[in-house]
Participant: 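Pasting in a structure now, in structure tokens, and then I'll have a few things to ask.
To find a chain, count down the sequence lines: A is the first, B the second, and so on, and within it residues start at 1. For clarity, every value in this text was computed on a predicted model and none was experimentally measured.
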Amino acid sequence: NAGVMQNPRHLVRRRGQEARLRCSPMKGHSHVYWYRQLPEEGLKFMVYLQKENIIDESGMPKERFSAEFPKEGPSILRIQQVVRGDSAAYFCASSPDRGVNEQFFGPGTRLTVL
Amino acid sequence: GEDVEQSLFLSVREGDSSVINCTYTDSSSTYLYWYKQEPGAGLQLLTYIFSNMDMKQDQRLTVLLNKKDKHLSLRIADTQTGDSAIYFCAESTGSNYQLIWGAGTKLIIKP
């Protein structure tokens, strides 16, 4: 059983471009969580999704950021019109059910905005 | 506000014990966690402790919780080169899926 997959692992964008980060959960997992880690800081919760539903997006910036987890395919975190402050590591986790004890993390996508 | 603090680096000699410390501020925490992140990999849950416990041992790992001082530690006995990683401390909030994270402690093993 492959672990949580994230791609790309590294993404470079110029200011104003769009960034699309993909997360494929572990097989059998229907819950996906996105976190952001700024340099020398802890992870910050962004959004929690189940298939086709956003359950909690309280950690998402109100503008430019959106997330989806369609019926088929990976979960996508989209950042429109990126700015330098969006440079961070973005981690995805999945779980078979709701709960922290069972979250499995992907390797992260490191976004650099020039 | 809620905050979790860790030292950014710890250097130990191979074979010695490593003790990674963490302090937190939310006295209503229910669970406290230690995660390990190896280079290029995701975060791996190492262990967790319920807030009504003061110690948990799992092979080479010992977790100590001082709830009065809001202090959590992870002791790794007989530290090996494979233990080189970043160790994150995290506490649970009222939600059962959101965690408050420390910035991580990078464990460096000296031969």
Side-chain angles (χ1 to χ4, degrees), chain A residues 1-10 21-26 29-50 53-60 69 88-110, chain B residues 1-10 20-26 28-51 53 56 58 63 70 72 74 85-106:
Chain A
N1 188 2
V4 178
M5 311 287 285
Q6 288 189 249
N7 68 82
R9 297 290 304 277
H10 300 274
L21 288 63
R22 284 176 289 277
C23 169
S24 296
M26 286 181 71
H29 287 193
S30 58
H31 300 248
V32 166
Y33 315 80
W34 284 94
Y35 298 83
R36 176 165 65 174
Q37 184 185 29
L38 295 171
E40 297 189 358
E41 292 187 17
L43 279 72
K44 297 286 193 291
F45 169 81
M46 297 182 75
V47 62
Y48 162 36
L49 309 104
Q50 282 182 268
N53 291 305
I54 296 174
I55 307 301
D56 181 353
E57 56 180 351
S58 59
M60 287 266 277
F69 188 16
Y90 292 84
F91 290 94
C92 165
S94 73
S95 70
D97 199 351
R98 174 177 168 144
V100 175
N101 295 358
E102 299 175 345
Q103 286 188 24
F104 296 85
F105 280 80
T109 293
R110 273 148 184 85
Chain B
E2 300 157 333
D3 204 7
V4 177
E5 301 278 344
Q6 298 178 245
S7 300
L8 290 180
F9 298 96
L10 176 66
I20 304 170
N21 294 302
C22 170
T23 57
Y24 60 97
T25 57
D26 189 347
S28 64
S29 295
T30 49
Y31 287 95
L32 294 119
Y33 301 82
W34 285 105
Y35 282 80
K36 176 182 181 182
Q37 184 183 33
E38 294 181 80
L43 286 86
Q44 173 197 354
L45 177 61
L46 275 181
T47 186
Y48 63 93
I49 188 167
F50 189 50
S51 59
M53 298 168 65
K56 182 178 180 181
D58 183 3
V63 178
K70 300 193 188 70
L72 182 74
L74 174 69
I86 301 175
Y87 291 82
F88 290 89
C89 168
E91 61 169 344
S92 62
T93 65
S95 155
N96 67 352
Y97 56 83
Q98 289 197 33
L99 298 182
I100 308 298
W101 295 78
T105 298
K106 185 170 185 177

Participant: Below 4.5 Å from any heavy atom of chain A, which atoms of L43(B) appear? Answer side chain, backbone, both or neither.
Facilitator: both
Participant: Nearest 0.5 Å, please: how far is CH2 in W101(B) from CD in E41(A)?
Facilitator: 14.5 Å
Participant: Pick whichever of H31(A), K44(A), R9(A) has the most heavy-atom pairs under 4.5 Å with chain B.
Facilitator: R9(A)
Participant: Hey, does Q103(A) have a side-chain heavy atom less than 4.5 Å from the side chain of Y33(B)?
Facilitator: no
Participant: Quick one, L43(A) and F88(B) - any side-chain contact, counting heavy atoms below 4.5 Å?
Facilitator: yes
Participant: Can you confirm whether M5(A) is buried at CE, in the sense that more than 12 heavy atoms of other residues, nucleotides or ligands lie under 6.0 Å from that atom?
Facilitator: no
Participant: Do the non-hydrogen side-chain atoms of F105(A) and Y35(B) ever get within less than 4.5 Å of each other?
Facilitator: yes
Participant: E38(B) versus chain A, heavy atoms under 4.5 Å apart: side chain, backbone, both or neither?
Facilitator: neither
Participant: Less than 4.5 Å to any heavy atom of chain B: does that hold for the side chain of Q6(A), its backbone, both, or neither?
Facilitator: neither
Participant: More than 12 foreign heavy atoms under 6.0 Å from NZ of K56(B): is that the case here?
Facilitator: yes
Participant: If you compare all heavy atoms of Q98(B) against all heavy atoms of S58(A), which two are closest, and at what distance to 0.1 Å?
Facilitator: NE2-OG, 3.5 Å
